[in-house]
Amino acid sequence: MVDAREYHERTKHSPQSVREGAFRLDRSNQPRPYKIYEDLPRFSPPGSPDPPDEPMLSALAQPRAEPTCGPDDAGDPDIHTLCHYATGVTKELDRGGRTMRFRAASCTGKLYHIDLYAVAGDCGAFDPGVYHFDPHHDRFDVLREGDYRGVLAGAAGGHDAVADAPVTFVATSEWWRNAWKYRDRTYRHAFWDSGTVLANLLAVAHGAGQRASVVTGFADEPVAELLGVDPDEEAPLELVPVGDGDPVPGTPTVEPIDPAEAPLSEDPVDYPLVPDAWRQSTLPDGESANEWRERGSGEFGTHPPGDGERIELDPVDAATASARPVGATIERRGSLREYSHEPVSARKFATILDRALRGTPTDLADDSLLDCYCLVHAVEGIERGAYQYHPGANVLERVGETDREAAGHLALDQPVVGDAAANVYLLADVERVVERLGNRGYRLAQLEGGIALGRLYLATYAHLGLGGRGFTFYDDLVTEHLSPWAADRTPMTMFALGKADR
């Protein structure tokens, strides 16, 4: 029975833990990066996914559930398009004589352990039912027929966004698909990697003019039962209701299902700390979900602007911003492996931070759990150094010194991180978050970092000539590097951006 704070401490990286943690990957036991249901009916929607024409930077700039972009009459949510551009295969490359398939959103180790389920009413081409998206074949497995949206509404305590959404998506993690490489850290990665998926999902929904938000307060077991998953192997993480104006019916009777799945690998290994951490953060019923949400009102103690040297940033406005559409940006997204030392434009840097870090529409209070810090190495007009970024004010506040060598050391001694133009860290006060929101608050802090990571990817790849990649880090060394300003914070996620070394 592990407390989230204990879990976080036990899964921190340090130079010593990495050096002494001898572990070899068993390639012969590597799990398949997608699940296969053996005997469920399948549904292939007519036509191809059709992403919105809205510029990605406009779709990202939505800190609330109601979009301010997209068509006035959005119609039913396009479930196929939403799933494809959130977690589907968007490119195939031939490397070393074999075809590599890349998904819409980044995932630690390219292991793709996040699945999307759609719980729908009568929605476009979809009859009422519970569907699992199969990204490998770009089709849907039909788990249940009938309208089960009321189960999710009840689990979420009647939360408004779920109570009248034509479709609500459920993101899950199948633990072994990530734990094969990352072992006990998979619980962290579940929220990082579902966060990048949800960043895409929100961008596609908002770009199409649909209301969309992330619901983190819900009773977990009824959702797992609805999907027919065993939380020791696969567990629900978040709900994402999309659309509005279609009140859900009452809660139906949910008969148990246990659909047969093809084994992921020959000999899956259990890492009990991961499902244990998940179970310690669960909520028993909808009433508890509402009570938990009420605890999230008010500020969480993020650092306001202080008395450090300030640099005002100047992001471009909507009229002059990159017009690269949502779908084209997602298809362009990659993971930059080598950076040049060429500086990036201050306005592009400002625009990326502005669009990616405006806030996430969740069911909790508007106040973010995270602070943003930037290690700047090569941004035009900005002196090299460590800064706190203050969203809304679009201000960098200098908090210390840094250099490329130190930046690489912080990121598990990966020099490529220091080669980037800037490193963007998202930090949380885990102690305070857990005191206020319990173990489930830790989920939210990691998820917010994951969504910010996903949005940083999208905002970066909306700009021609720029690229980036998420990296991991030595937790306590990052805190020390940013202290005393960030002495009570610990990093959730990090993104390095810049120009490619050609």
What are the two closest non-hydrogen atoms of [X] and [Y], and how far apart are they?
{"X": "Gln62", "Y": "Thr68", "value": "OE1-N, 2.8 Å"}
{"X": "Pro361", "Y": "Ala212", "value": "CG-O, 3.8 Å"}
{"X": "Pro252", "Y": "Val151", "value": "CD-CG2, 3.8 Å"}
{"X": "His84", "Y": "Pro49", "value": "CG-CG, 3.6 Å"}
{"X": "Tyr117", "Y": "Glu234", "value": "OH-OE2, 2.8 Å"}
{"X": "Ala153", "Y": "Val248", "value": "CB-CG2, 3.9 Å"}

Could you tell me whether [X] sits above the aromatic face of [Y], with NZ or CZ closer than 6.0 angstrom to the six-membered ring centre and within 45 degrees of the axis?
{"X": "Arg333", "Y": "Tyr457", "result": "yes"}
{"X": "Lys12", "Y": "Tyr474", "result": "no"}
{"X": "Arg440", "Y": "Phe218", "result": "yes"}

Any [X] side-chain heavy atom under 4.5 Å of [Y] side chain:
{"X": "Glu225", "Y": "Ile257", "value": "no"}
{"X": "Leu116", "Y": "Val170", "value": "no"}
{"X": "Leu198", "Y": "Glu238", "value": "yes"}

Quick one: list whatever passes side-chain hydrogen bond (donor to acceptor under 3.5 Å, both in side chains) with [X], sequence neighbours left out.
{"X": "Thr99", "value": "Asp94"}
{"X": "Trp176", "value": "Ser265"}
{"X": "Gln446", "value": "Trp192, Tyr442"}

Is any NZ, NE, NH1 or NH2 atom of the basic residue among [X] and [Y] found under 4.0 Å from an Asp or Glu carboxylate oxygen of the other?
{"X": "Asp115", "Y": "Lys35", "value": "no"}
{"X": "Glu261", "Y": "Arg32", "value": "no"}
{"X": "Arg10", "Y": "Asp184", "value": "no"}
{"X": "Arg144", "Y": "Glu255", "value": "no"}

Under the rule for salt bridge (Lys or Arg N to Asp or Glu O under 4.0 Å), what residues qualify as partners of [X], not counting sequence neighbours?
{"X": "Lys181", "value": "none"}
{"X": "Arg443", "value": "Asp220"}
{"X": "Arg188", "value": "Asp475"}
{"X": "Arg183", "value": "none"}

Just by distance, with hydrogens left out, do [X] and [Y] show a side-chain donor and acceptor under 3.5 Å apart?
{"X": "His463", "Y": "Ser322", "result": "no"}
{"X": "Ser58", "Y": "Arg355", "result": "no"}
{"X": "Ser173", "Y": "Asn178", "result": "no"}
{"X": "Gln30", "Y": "Asp26", "result": "no"}

### Task
Report the C-alpha distance between Thr216 and Arg293 in whole Å, list the side-chain angles of each, state the deciding distance to 0.1 Å, and finish with yes or no for side chain to side chain donor-acceptor pair (under 3.5 Å).
CA-CA 9 Å; Thr216 55; Arg293 267 190 287 272; over 6 Å; no

Only pairs under 3.5 Å count here: list side-chain donor-acceptor contacts from residues 447-454, not counting sequence neighbours, and write none if there are none.
residue : atom : partner : partner atom : Å
Glu448  : OE1  : Leu369  : N            : 3.1
Glu448  : OE2  : Ser368  : OG           : 2.3

### Task
Keeping to residues at least two apart or across chains, list the ring-ring contact (aromatic ring centres under 6.0 Å, His included) pairs with something in residues 43-65.
Phe43-Phe126

### Message
Test of understanding: with ring-ring contact (aromatic ring centres under 6.0 Å, His included), list the residues that count as partners of Tyr187, not counting sequence neighbours.
### Response
Tyr7, Phe191

Residues, nucleotides or ligands: over 12 heavy atoms within 6.0 Å of [X] [atom1]:
{"X": "Glu266", "atom1": "CD", "answer": "no"}
{"X": "Asp413", "atom1": "CG", "answer": "yes"}
{"X": "Glu66", "atom1": "CD", "answer": "yes"}

### Message
Centre-to-centre under 6.0 Å for His132 and Tyr37, is that the case here?
### Response
yes

### Query
Looking at Phe133 versus Phe140, is the centre-to-centre ring distance below 6.0 Å?
yes

#### Entry: Pair His80-Arg139, side chain to side chain donor-acceptor pair (under 3.5 Å): steps then yes or no
CA-CA 8 Å; His80 187 197; Arg139 66 190 180 194; over 6 Å; no

#### Entry: Listed once per pair and sorted, the salt bridge (charged side-chain N to carboxylate O under 4.0 Å, His left out) pairs that draw on residues 75-92, sequence neighbours left out
Glu92-Arg101

### Message
Go through it in stages, so that I can follow the logic: the residues are Thr196 and Asp193, the test is side chain to side chain donor-acceptor pair (under 3.5 Å), and I'd like the CA-CA distance, side-chain angles, deciding distance and then a yes or no.
### Response
CA-CA 5 Å; Thr196 62; Asp193 295 331; 4.9 Å; no

Quick one: side chains of residues 156-167, donor-acceptor pairs under 3.5 Å with protein atoms, not counting sequence neighbours, listed by atom name and distance.
residue : atom : partner : partner atom : Å
Asp164  : OD1  : Arg211  : NH2          : 2.6
Asp164  : OD2  : Gly245  : N            : 3.3

